[in-house]
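Proteins come first, then strands; the chains are lettered A, B, ... in the order of their sequence lines, and each starts at number 1. When reading the values below, keep in mind they use all heavy atoms of this one structure, side chains included, and skip hydrogens, waters and symmetry mates. What you see is a predicted model; the values in this text were computed from it and never measured.
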Amino acid sequence: MNKMKKITSMPLFLPIFCMLLVMAANIVYDISCGNFALNFFSISVRNGVLYGRLIDILNRGSEIAILAIGMTLVVSASAGTDISVGSVMALSASMCCMILAGYGNASVNELANPLLLGVLGGILIGCVCGAFNGFLVAYLSVQPMVATLILFSAARAIGLLLCNNLIVYVRVDSFKMFGGYLGFLPTPIVIAAVCIVIAMIVLKKTALGLYVQSVGINKKASRIAGLNSARFIFLCYVVCGLCAGIAGIVGASRISSADSNNIGLNYELDAILSVALGGNSLGGGKFRLAGSIIGAYTIQAITTTLYALGVSSDVAPVYKAIIVIIIVTVQAPPFKAYLARRSAKKALAKGGAAA
Amino acid sequence: MKKKINSNTLLLLITIALFLVMYAAGCIIYKDKGFTHLQTFLNIFINNSGLLCVAAGMTCVMLTGGIDISVGALIAMDCMFLSVGMERWEMNALVLCALVLIIGIVFGLVQGFCVAYLNIQPFIVTMAGMFFARGMTAVICTDQVSITKNEFFVKLANAKINIPFGAYTNRKGVLQIPFVRYPVMIALIVIIVIFLMLRYTKFGRSLYAVGGSETSASMMGLDVKKTKLKAYMLSSFVCSIGGICFCLNTMSGSVRQALGLEMDAISSAVIGGTLLTGGVGNVIGTLFGVMINGTISTLVKTNGKLLSSWSNIAVAALLCFFIVLQSVFAKLKDRNK
């Protein structure tokens, strides 16, 4: 019993537990279909690139993992969520493709501007959006969700304007590479890994992570202790925008076009969900980036599994919504208090019987 | 008796003035495109009758300091349920409408329970509700379904209520009598009922009290949790009425219907002077907020050359302006203390 409690109270218990659950579901599914039981884990090399369901999950989950980095910081520092990330992804993709194709062109086979300029433009517009959100939240003390609601609706519209209401195709191999393959590895995996490693190093090796947590736990106290709380919150939103920008470029490159209506659709939920699934409190304060990252890939695993089970992409949100509600309910203080009361009652009854 | 103008009524006055200026500007710029006719004004109501209901419900939730972003998806689910119910299952329209209202109440009950009794952030709960409802829409049916078979519903949707004044003859010499449709009447009744409820009933006043300060509300002996629960139930219920209005307007159901309607509802309420922190607001302001929303999209449509995304951007910019204004007022108030 005590051992059980020790395991469940481990910091990364929730995300790893969920991950194992999904894997178990996959194994059961494969067995019931008469496939090889470990089909889920098999990785092979086809046409010179890695192939397998696990690789697919890592590949498709890259955007969510990148978004989860920014979202974790935002949730931790401001106790709110940035719901504009999906739209900002679309805007960044539109910006990038608009620069690469030139304004008003619907489809190009040659770059109008250097690739680097397009990518930087996309990332920059992401940062600008993040700065806008951050300014509203940190300096005007607007509720985070409402502040980000502005860009949630406006960013897609601006993206459409940038692309002149068209879906801009950039059919150039060097641009396709970001969503394609780097050697035998899918590039998004590499990009996500680089982002994660950089974020980990910055948060672990500098005091930045500690500062963000302290701002999230108590804004006023940290300010009195000498931290510029507002600036940290602002920075967190900028980083979140930066992550959304990078994810947007990966997303655009994957389909080698900028479809402002569909890129990053519903990604904000996935990003928030991965933070919650990672065992981080949505009320801010302490955070574990590793948990969020595992959470992000778990969600992609759930999505991929749902698709494998034949659930259509329109219906998948139902299951995700149920998972969110279960997770936040388990985390909710009144629910925890209820469980504690119940176990106390049980212990009391046991004690009474022994006496 | 002279009423004191405080920052809250000032916000409402700014909204009304903004609406009048915007509409007057439209009348001057697009005079030759029929903007001055009474019908153009009535069309704003006809096009936004669903939004009016939703925004009224949203105002009640926002008064308690919460937010409900599930409304757009709930409307999509209602429309899909109504249209599939009439077309595929061939059920009675009134029975379906009653079912939709019951679904709304249950939906609100669950959301309200999570918010009030489990203390989960309203945004997270209603976002889960939004994805749940959107997904359920697809579970009911993934095609676009149009309502054509149900005679009663079609008749109701096409019925015109003529207005006795403001008639004019158009260029072809045909007399045009201005009209509204039934959803508009439903929406106006909803607005009036909620206005009276907020002003004169115990529940309405307790919404303001809870939004103002939960601690003092509970010290006054109000059941804060129950009030919040009721607010979310009311929002979802009114939203379902809005769903019926919306369905009468569009006469179809599809998975991507009413996408982003929650944003319009929230921005209407905020533009109408409802404070995001709760405790301050008025349904009349929300009415003007919806009308500003409608005027912007009418202006963009009348122009004809602008992309429709401009109306999205304009509404977002207005929302941003009012949020900043609110925060400045709040900061000034803090300083005065």
> Who wins among A:L161, A:I158, A:L160, A:V142 for the most heavy-atom pairs under 4.5 Å with chain B?
Replying inline: A:L161

> Rounded to the nearest 0.5 Å, what separation is found between the OH atom of B:Y117 and the OH atom of A:Y338?
Replying inline: 15.5 Å

> Under 4.5 Å between any side-chain heavy atoms of B:F123 and A:P144, yes or no?
Replying inline: no

> Of the non-hydrogen atoms in B:Q121 and A:A79, which two are nearest, and what is the gap between them?
Replying inline: NE2-O, 3.6 Å

> So how far is it from B:L319 CG to A:I150 CD1, rounded to the nearest 0.5 Å?
Replying inline: 4.5 Å

>> Using a 4.5 angstrom heavy-atom cutoff, name the option from A:L151, A:V311, A:N165 with the most pairs to chain B.
In response: A:N165

> Under a 4.5 Å heavy-atom cut-off, does chain B meet the side chain of A:L273, its backbone, both or neither?
Replying inline: neither

> With a 4.5 angstrom heavy-atom cut-off, which part of B:V255 approaches chain A: side chain, backbone, both or neither?
Replying inline: side chain

> Is chain B contacted by the side chain of A:Y139, its backbone, both, or neither, given a heavy-atom distance below 4.5 Å?
Replying inline: backbone

> Highest number of heavy-atom pairs under 4.5 Å with chain A: which of B:I69, B:I313, B:V324, B:T137?
Replying inline: B:I313

> B:S327 side chain to A:S141 main-chain N or O, any donor-acceptor pair under 3.5 Å?
Replying inline: no

>> For a quick test of reading the model, state the closest non-hydrogen atom pair linking B:N312 to A:A157 and the distance between them.
In response: CB-CB, 3.7 Å

> Is it the side chain or the backbone of B:I120 that comes within 4.5 Å of chain A heavy atoms, both, or neither?
Replying inline: side chain

> Are B:I323 and A:L140 side-chain neighbours, meaning at least one heavy-atom pair lies under 4.5 Å?
Replying inline: no

>> For the CD1 atom of A:I325 and the CD atom of B:Q111, what is their distance to the nearest 0.5 Å?
In response: 8.0 Å

>> I'd like to know which of B:I124, B:T142, B:D264 tops the heavy-atom pair count under 4.5 Å against chain A.
In response: B:I124

> Is there a side-chain contact between B:M127 and A:I272 (heavy atoms, below 4.5 Å)?
Replying inline: yes

> Does the side-chain contact (heavy atoms from CB on, under 4.5 Å) test come out yes or no for A:N266 and B:F131, once each step is laid out?
Replying inline: CA-CA 9 Å; A:N266 298 349; B:F131 282 88; 3.3 Å; yes

> Where does B:I266 contact chain A at under 4.5 Å (heavy atoms): side chain, backbone, both or neither?
Replying inline: side chain

> What closest approach, in Å, do B:R256 and A:L265 show between heavy atoms, and which atom pair accounts for it?
Replying inline: NH2-CD2, 3.8 Å

> For the residue pair A:F132 and B:C320, what are the closest heavy atoms and their distance?
Replying inline: CZ-SG, 3.6 Å

